[in-house]
Amino acid sequence: MQIITSIDVENSINSGQVFLWKKDENYWYGINGQDVLQVDLNGNVKSYQKLKIDFFRKNDDIEKIIKSISKDKVVKNAVKKYQGLRITRQDPFQCLISFIISSNSNIPKIKHCLENIVQKFGKKITFENQKFFLFPEPNKLAKASINEIKKCGVGYRATFIKEAAKIIASKDIKFEQLKKCDYQETKKIICQIPGVGNKVADCVMLFSLNKLQAVPLDRWIVRILGKYYSNKFEIKTKTITEKQYEILHEKIVNHFGPYAGYAQQFLFKMERENHQKKWL
DNA sequence: CCAAGGCCTGAATG
DNA sequence: ACATTCAGGCCTT
């Protein structure tokens, strides 16, 4: 099989990983913490803060990863069809808040809420002749009132957001430290944050803390496993308990290997496209 | 350890 | 129209 190592920005942005992104004729623009990224169609990134960040994980050995996860026909097809789809390396705080908001919600609404949050609490800047709002720093959301946060449309998640921001602002949890910890240890720590359960934790770990074996098991992935992998991973109930989540994840990593998170992203993309679900 | 119910909100369904 | 249902879950009982 021929593995193409270039990046498909469109597929990567439109795969449920990020929300504060928009496109004009030539570029994608995205908010990433205190930074704004301008990305051309080849995945070349220009940073507002002039940082050299590897947002699309170009430094990953994608050829090795694709080979590693290509364990069955289903992923192989997804990988082939959505070539160039990459896992992103996001600002952890923004990623955390984004996925706390994501729970029991959907992409258009998550995007809407996050846009309200950056407008209300983020710093306004100009980059490439356009106005952007940066993502608010933890301290800013930690000090905000629950009601102010609620006005962004996040509902009961407002308390989670404030408490999460307080934990990060106070440095009780340090993302830079978590990047050095292993999967299990990291998960145990971030699940202590209110509004963060198994699924949200896996999103934060996969998309911002370099844990490529993290596999967010949302409704879609559970559905996919039931549909294409019923012989390998049997799922009896509609909603899976914490224990079942743990066991299932173990089986998945057993099957797909240490880059299982990549496999998950390809499968997720495939099934959502098949069902013509909306992206950004 | 598991099951059930509640939760903000808005778009989609009937 | 208007009421239900549902959506990238989590938390409490």
Side-chain angles (χ1 to χ4, degrees), chain A residues 11-21 78 85 87-88 90 94-117 120 144-165 167 187-208 211 214-227 234-250 252 260-280:
Chain A
N11 276 344
S12 302
I13 299 295
N14 284 322
S15 68
Q17 303 183 56
V18 294
F19 307 96
L20 289 172
W21 284 71
L85 166 61
I87 297 290
T88 55
Q90 303 174 32
Q94 180 176 335
C95 189
L96 171 69
I97 300 302
S98 300
F99 285 98
I100 286 176
I101 291 172
S102 82
S103 98
N104 206 16
S105 189
N106 52 56
I107 291 176
K109 195 156 113 34
I110 299 162
K111 182 183 167 73
H112 180 233
C113 291
L114 287 169
E115 278 168 350
N116 290 338
I117 284 180
K120 199 167 178 55
S145 76
I146 304 284
N147 268 334
E148 290 295 292
I149 301 173
K150 267 188 184 163
K151 282 181 189 162
C152 299
V154 298
Y156 63 89
R157 304 169 192 82
T159 350
F160 297 158
I161 292 169
K162 184 176 168 73
E163 291 307 308
I167 290 171
K187 188 159 198 177
K188 208 166 84 186
I189 292 170
I190 58 178
C191 279
Q192 293 167 3
I193 301 170
V196 178
N198 267 309
K199 190 269 172 183
V200 172
D202 275 331
C203 286
V204 175
M205 287 195 289
L206 179 59
F207 304 141
S208 74
K211 306 292 183 271
V215 178
L217 296 176
D218 57 29
R219 280 176 147 83
W220 283 89
I221 294 297
V222 171
R223 217 174 293 162
I224 288 165
L225 296 178
K227 185 170 169 186
E234 80 177 302
I235 297 155
K236 296 163 203 150
T237 48
K238 228 163 136 190
T239 53
I240 54 175
T241 66
E242 203 174 320
K243 191 70 191 168
Q244 286 173 308
Y245 192 108
E246 199 179 314
I247 293 166
L248 196 50
H249 176 251
E250 212 171 295
I252 290 168
Y262 265 95
Q264 172 273 156
Q265 207 60 35
F266 280 105
L267 294 172
F268 183 74
K269 173 71 175 170
M270 174 195 73
E271 197 66 358
R272 300 262 313 186
E273 289 290 350
N274 287 347
H275 287 254
Q276 303 180 341
K277 301 301 282 188
K278 280 184 190 157
W279 302 109
L280 297 184

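Order of the sequence lines sets the chain letters (A, B, ...), proteins ahead of strands, with each chain counted from 1.
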Compare the minimum distances between each of [options] and the side chain of [X], then state the nucleotide with the smallest one.
| X | options | result |
| --- | --- | --- |
| A/K109 | B/dC7, B/dC2, B/dT9 | B/dT9 |
| A/F160 | C/dG9, B/dG10, C/dC11 | C/dC11 |
| A/K278 | B/dA12, C/dC11, C/dA7 | B/dA12 |

Worksheet entry | Aromatic plane relationship, A/F207 with A/F99 - under 30° parallel, 30 to 60° tilted, over 60° perpendicular | tilted

Practice prompt. Carefully, step by step, assess A/F19 and A/K109 under the rule side-chain contact (heavy atoms from CB on, under 4.5 Å).
Written response: CA-CA 10 Å; A/F19 307 96; A/K109 195 156 113 34; over 6 Å; no

Worksheet item: Can you tell me how far P in C/dT13 sits from the matching atom in B/dC8, rounded to whole Å?
Response: 15 Å

Discussion item. In whole Å, measure the gap between the P atoms of B/dG5 and C/dT5 for me.
Written reply: 14 Å

Worksheet entry | Salt bridge A/D202-A/K187, side-chain N to carboxylate O under 4.0 Å | yes

Rounded to whole Å, how long is the line connecting atom [atom1] of [X] with atom [atom2] of [N]?
| X | N | atom1 | atom2 | result |
| --- | --- | --- | --- | --- |
| A/D218 | C/dC10 | CG | P | 10 Å |
| A/I100 | B/dC8 | CD1 | P | 16 Å |
| A/W220 | C/dA7 | CH2 | P | 8 Å |

Give [X] one of three labels, base, sugar-phosphate or nothing, depending on what nucleic acid heavy atoms sit under 4.0 Å from its own.
| X | result |
| --- | --- |
| A/K243 | sugar-phosphate |
| A/Q17 | base |
| A/I107 | base |
| A/P194 | sugar-phosphate |

Worksheet entry | Separation between CG of A/L20 and CG of A/L280, rounded to the nearest 0.5 Å | 9.0 Å

Worksheet item: Is there a side-chain contact between A/L217 and A/K199, using heavy atoms and a 4.5 Å cut-off?
Response: no

Worksheet item: Without hydrogens or angle criteria, can the side chains of A/E148 and A/S145 be said to hold a donor-acceptor pair below 3.5 Å?
Response: no

Discussion item. With a 4.0 Å limit, can you tell me whether A/R219 has a side-chain N or O closer than that to the phosphate oxygens OP1/OP2 of C/dG9?
Written reply: yes

Worksheet entry | DNA chain B stem ranges, 3 or more consecutive Watson-Crick or G-U pairs under 3.5 angstrom | B:3-7 with C:9-13, B:9-14 with C:2-7

Response to the item:
Shortest non-hydrogen pair, A/Q17 vs A/S12, comes out as NE2-O, 3.6 Å

Item to complete: Specify the residue among A/C191 and A/K277 whose closest nucleotide of DNA chain C lies further upstream toward the 5′ end.
Response: A/K277

